[in-house]
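Below: the structure, in structure tokens.
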Amino acid sequence: TRPPATLLFIFGGSGDLNQRKLSPALYNLFLDGWMPEKFAIVGLGRTAYSDEKFRKHLYDGIQEFSRRKGEQNGHWKEFSQHVGYLQMDGEDEAAYSKIADKVKEVEEQFGEHPNVIFYLAVAPQLVPDIAVKLGKLNLCKDTIYTRIVVEKPFGHDLKSAHELNALLTSMFAEDQIYRIDHYLGKETVQNILALRFANALFEPIWNRNYIDHIQITNAETVGVEGRGGYYEQSGALRDMVQNHILQLICMIAMDAPVNFEANEIRNKKVDVLNALRKITRDEVHAYAVRGQYSEGWMKGDKVKGYRQEEKVAPQSPTETFAAIKFYIDNWRWQDVPIYVRTGKHLHDKTTIITVQFKQAPHYAFPPEAAETWRPNRLTISIQPKTDIRLRFQAKRPGQTMTLSPVDMIFNYEDAYDGHEPEAYETLLLDVMEGNPTQFMRADQVESAWKVVMPIIEAWEQRPPVDFPNYSPGSWGPEDAEALIARDGRNWVTLP
Ligand code: BG6
């Protein structure tokens, strides 16, 4: 069933996020029959736009960024009739009455009170001010109908995240607040729960008795792409690890939920975050490695070093790469390392999770049977490849007992014909339906900050001496190899 009547306001309506992600997502939901029967989308911003011009701006975004482009048999025209623009200065309190007026107008048009959603697609420093001004509107006191969506970064550290939570929860009920982590909207990420908890096969061996270690590689080939101003304040740890990667760890490591209630799932994830080992600042060097890309070549193209990027300081200490070894101190995971690495301008664009099992306990075959005897490994490819493969030993056909590893593969493209929805489609539909399961609760965000704070502090205290320390197109600094090699293991990449 479709969500109830909805009025969606997008602060930062003329901005990048709306053009690249939100509007394409809403349009795709519309094409797939998921938009409410009655809906209106209103872009808000300082820039002057007529409705027509604004629609054109969004249409250009669809053409460039959507998984489905173009008119689609006149559907864009139909969709765009629901889209309008309201010029307003978010800093001007008086202007907020325009919003209240708009709600009344749409209510009359719909003949019912719609859900009202405020999507804050704006720079993080603008969020508190807008939230406070919105919070003063009567309609925001309506905890059933009114919701607010907040993008990352959610705070800059534990303290500021806590302050932001305090501010938001003083104006809105927790149920009204949707903190987005777009990784949680990815099909392949949501499928981790299905894989683990809809099958009897994996869960019994999903623990320290059978699993040797877990790895997450989240690599990008792009650099900071003109976002130097933002990235200087962030770095890989804040940009990727505190949110996306810790959420992936939660999905992989959480205990089985009792049901699919939003808070049940989120409680199980918070348990993981709380159990993640808080290392001390002095120990950080043994657990974490940072890197920054130099100038160099990517697939034949010359690329700038990070320090030469726009709005980046010439001696910038900001990391564009991070590799960390985590431990989860609980009964299930004690002593099982979770190695993660993420970075810009790396060799490949790929996000994969590998679960490596222990060696079989006894080897009964003749020694010559297995030159390449490998432990079982489950690899979950999140993107851009979307598959799950299980590696096991097989007998090579022939007159000798020779073993070699083979893969059993589940591949999205072969298994399903449809196109997978994009993360923002799934998450926007969740907001319209009022389902916060895949959104970050206040305590989740803060627990995640607690995990990375010692690393942030240690790195700030000791500026890097070897930056830049990796070439574009590589897999990051040598120290990242050493981090895992020390334990007799190595990073896994897809063939
Ligand atoms: C964003 C980060 O949250 O995630 C970006 O700010 C990063 O720096 C992006 O490029 C990666 O998202 P995806 O979906 O392409 O893996």
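Side-chain atoms of K349 never come within 3.5 Å of backbone atoms of Q383 as a donor-acceptor pair (strictly under, hydrogens ignored). Using a distance-only test at 3.5 Å, with no hydrogens or angles considered, a donor-acceptor pair links the side chain of R196 to the main chain of M254. The main-chain N or O of I455 is never found under 3.5 Å from a side-chain atom of Y287 such that the two would form a donor-acceptor pair.
Residues forming a ring-ring contact (aromatic ring centres under 6.0 Å, His included) with F467 (at least two apart in sequence, or on another chain): none. With sequence neighbours excluded, no residue forms a ring-ring contact (aromatic ring centres under 6.0 Å, His included) with F172. For K450, there are no side-chain hydrogen bond (donor to acceptor under 3.5 Å, both in side chains) partners, not counting sequence neighbours. A search for side-chain hydrogen bond (donor to acceptor under 3.5 Å, both in side chains) contacts involving R281 returns E457, not counting sequence neighbours.
You'll find the side chain of T188 reaches within 4.5 Å of the side chain of K186, heavy atoms only. Annotation: side chain of V149 is in contact with side chain of Y178 (closest heavy-atom distance under 4.5 Å). Inter-residue side-chain proximity for D255 and N330 is flagged as unmet; no heavy-atom pair is nearer than 4.5 Å.
Heavy atoms only, all atoms of each residue included: R238 and E319 are closest at N-OE2, 4.5 Å. The two residues F118 and C140 come nearest to each other via the heavy atoms CE1-SG, 3.8 Å. Residues L120 and F11 share a closest heavy-atom pair of CD1-CD1, 3.9 Å. The heavy-atom pair separating G13 from F54 by the smallest distance is O-CE1, 3.4 Å. Contact record, Q190 with L184: NE2-O, 2.9 Å, taken as the closest heavy-atom pair.
Looking only at atom types and distance, the side chain of D430 has no donor-acceptor partner in the side chain of T437 under 3.5 Å away. With no hydrogens or angles considered, a side-chain donor-acceptor pair links R441 and N267 at under 3.5 Å. With 3.5 Å as the limit, one finds a donor-acceptor pair spanning the side chains of Y470 and T320.
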side-chain contact (heavy atoms from CB on, under 4.5 Å) between I180 and Y119, intermediate numbers included: CA-CA 10 Å; I180 281 209; Y119 199 117; 3.2 Å; yes
Derivation of the side-chain contact (heavy atoms from CB on, under 4.5 Å) call for V103 and H113: CA-CA 8 Å; V103 175; H113 185 68; 4.1 Å; yes
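Ion pair K304/E310 not flagged as a salt bridge, since none of the NZ, NE, NH1 or NH2 atoms sits closer than 4.0 Å to an Asp/Glu carboxylate oxygen. Taking 4.0 Å as the cut-off between side-chain N and carboxylate O, K152 and D239 count as a salt-bridged pair. One finds a salt bridge joining K268 and E264 here, because a Lys/Arg side-chain nitrogen approaches an Asp/Glu carboxylate oxygen to under 4.0 Å. Taking 4.0 Å as the cut-off between side-chain N and carboxylate O, E105 and K102 count as a salt-bridged pair.
Classification of the Y339-W491 ring pair by plane angle, with boundaries at 30° and 60°, yields perpendicular. Aromatic ring orientation, F30 versus H75: perpendicular (interplanar angle above 60°, classes split at 30° and 60°). Relative orientation of the Y293 and H345 rings is perpendicular, given thresholds of 30° and 60° on the angle between their planes. Ring orientation note: the planes of F79 and F39 are tilted relative to one another, at an angle of 30° to 60°.
Heavy atoms of other residues, nucleotides or ligands lying less than 6.0 angstrom from CZ of F260 number 12 at most. The number of heavy-atom neighbours closer than 6.0 Å to NZ of K21, taken from other residues, nucleotides and ligands shown, is 12 or below.
Counting only residues at least two apart or on different chains, the salt bridge (Lys or Arg N to Asp or Glu O under 4.0 Å) pairs with a member in residues 24-34 are D32-R67, D32-R68. Within the structure, the salt bridge (Lys or Arg N to Asp or Glu O under 4.0 Å) test picks out the following pairs touching residues 135-151 (sequence neighbours left out): E93-K136.
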